[in-house]
Amino acid sequence: MRIATWNVNSIRSRIDRVEAFLDRHEVDVLAVQETKAKVDQLPTMGLEARGYDVAAVGHSQWNGVALISRVGLEQVSVGFDGMPGWGDAADAEARAISAVCGPPEQGGVRISSLYVPNGRKPDDPHYVYKLDWLARLREAAQAWLGEDAALVGDWNICPTDDDVFDIAQFRNSTHVTPRERAAFQAILDTGWAEVTRAYAPGYTYWDYYRQRFERDRGLKIDFVLASPSVAARVKGAFIDRAERAGVGASDHAPVVVDLED
DNA sequence: ATGGTTGAGGGTCAA
């Protein structure tokens, strides 16, 4: 089974690229973040024509996540147990969606598409919300550790200094602070394994400003965390850097992971 | 410190 995660930065402005990406790599399950669309605004026609089902949550021009699967979507749930909110309640819940993709007896996996809060600035209340969100996720996700499960998405955290193009430039910024890194590590410490880095080094996000992609000045913030049983099935992973190139790209590249069936 | 770009929506706000 081939799964992928991609912050698409508006699925409506990017639907042609999403469909081409699915075709190009024969992806079975794609988790997307920042759909920036209400559920009834999702452009699903081309996806359905390709045999994909869609489960999504989204209420405004911000946030919004979805799962796009051609191997089934069962037990869909929005958010996670104890997920904290920010602002409008309906909008706040649009950062996480989970479903079982594929029959469990045939290698199906519970996949959660996650859009971790950005944090904005270390002295911003949104930063505290981000830390709280990650702590609650760690607690809620423990229930899935014994299953075939994956936590995938835009984590908005650079776990190491090498995951930033210029750590000095991030001295007073989010994504690299010890507390954020500790929150991420705490999830790994419960038993989740980050499975992409070993196969796919390099950045996954490049700001639109200043030709950051052309100069490869990016961040590594999109990750796939696997439960022990799924981690043991990982065959490989890659970052589709070509998807970040050219006019009309998202600021994130997709990350693809292959699992033994 | 500031600015640079993109998307949604129709103000600016968020990233």
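Residue numbering restarts at 1 for every chain, and letters A, B, ... go by the order of the sequence lines. Quick caveat: nothing in here was measured; it's all calculated off a predicted structure.
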d([atom1], [X]; [atom2], [N]) in whole Å:
| X | N | atom1 | atom2 | value |
| --- | --- | --- | --- | --- |
| A:Q169 | B:dA1 | CD | P | 13 Å |
| A:N7 | B:dA15 | CG | C1' | 9 Å |
| A:R95 | B:dA15 | CZ | C1' | 10 Å |
| A:D251 | B:dA14 | CG | C1' | 12 Å |
| A:E34 | B:dC13 | CD | C1' | 13 Å |
| A:R215 | B:dG4 | CZ | C1' | 11 Å |
| A:D124 | B:dC13 | CG | C1' | 13 Å |
| A:K130 | B:dA14 | NZ | P | 16 Å |

- Item | Partners passing ring pair (Phe, Tyr, Trp, His ring centres under 6.0 Å) against A:Y127 (at least two apart in sequence or in another chain) | none

Output all residues satisfying side chain to side chain donor-acceptor pair (under 3.5 Å) with [X], sequence neighbours left out; order by chain, then residue number.
| X | value |
| --- | --- |
| A:T196 | A:E194 |
| A:D207 | A:Y205 |
| A:S250 | none |
| A:N156 | A:H175 |

[atom1] gap between [N] and [M], integer Å:
| N | M | atom1 | value |
| --- | --- | --- | --- |
| B:dT5 | B:dG9 | P | 23 Å |
| B:dG4 | B:dA8 | P | 22 Å |
| B:dT6 | B:dT2 | P | 23 Å |
| B:dA1 | B:dT12 | C1' | 22 Å |

- Query: Restricting to pairs with a member in residues 114-124 of chain A, which pass side-chain hydrogen bond (donor to acceptor under 3.5 Å, both in side chains), not counting sequence neighbours?
  - Reply: A:E34-A:Y115

- Message: Between A:R210 and B:dT5, is there a contact of a side-chain N or O with OP1 or OP2 at under 4.0 Å?
- Response: no

- Message: By nearest heavy atom, map A:Y115 and A:N172 onto DNA chain B; which one lands nearer the 5' end?
- Response: A:N172

- Item | Nearest-nucleotide 5' precedence on DNA chain B, A:H252 against A:R212 | A:R212

- Message: Using a strict threshold of under 4.0 Å (side-chain N to carboxylate O), is an ion pair present between A:D251 and A:R212?
- Response: no

- Hey, could you give me each pair passing ring-ring contact (aromatic ring centres under 6.0 Å, His included) that has a residue in residues 25-74 of chain A? Not counting sequence neighbours. A:F21-A:H25, A:H25-A:F238

- Is A:S112 reaching over with its side chain to a backbone N or O of A:L114, donor-acceptor style, under 3.5 angstrom? no

- Task: Fit a plane to each ring of A:F184 and A:F223, take the angle between them on a 0 to 90° scale, and name the class: parallel (under 30°), tilted (30 to 60°) or perpendicular (over 60°).
- Result: tilted

- Message: Under 4.0 Å, heavy atom to any atom of DNA chain B: which of residues 151-163 of chain A qualify?
- Response: none

Restricting both atoms to N or O, compile the protein contacts to nucleotides 6-9 of chain B shorter than 3.5 Å, with distance only.
from, atom 1, to, atom 2, distance (Å)
B:dG7, OP1, A:R14, NH1, 3.2
B:dG7, O3', A:S10, OG, 3.2
B:dA8, OP1, A:S10, OG, 2.1

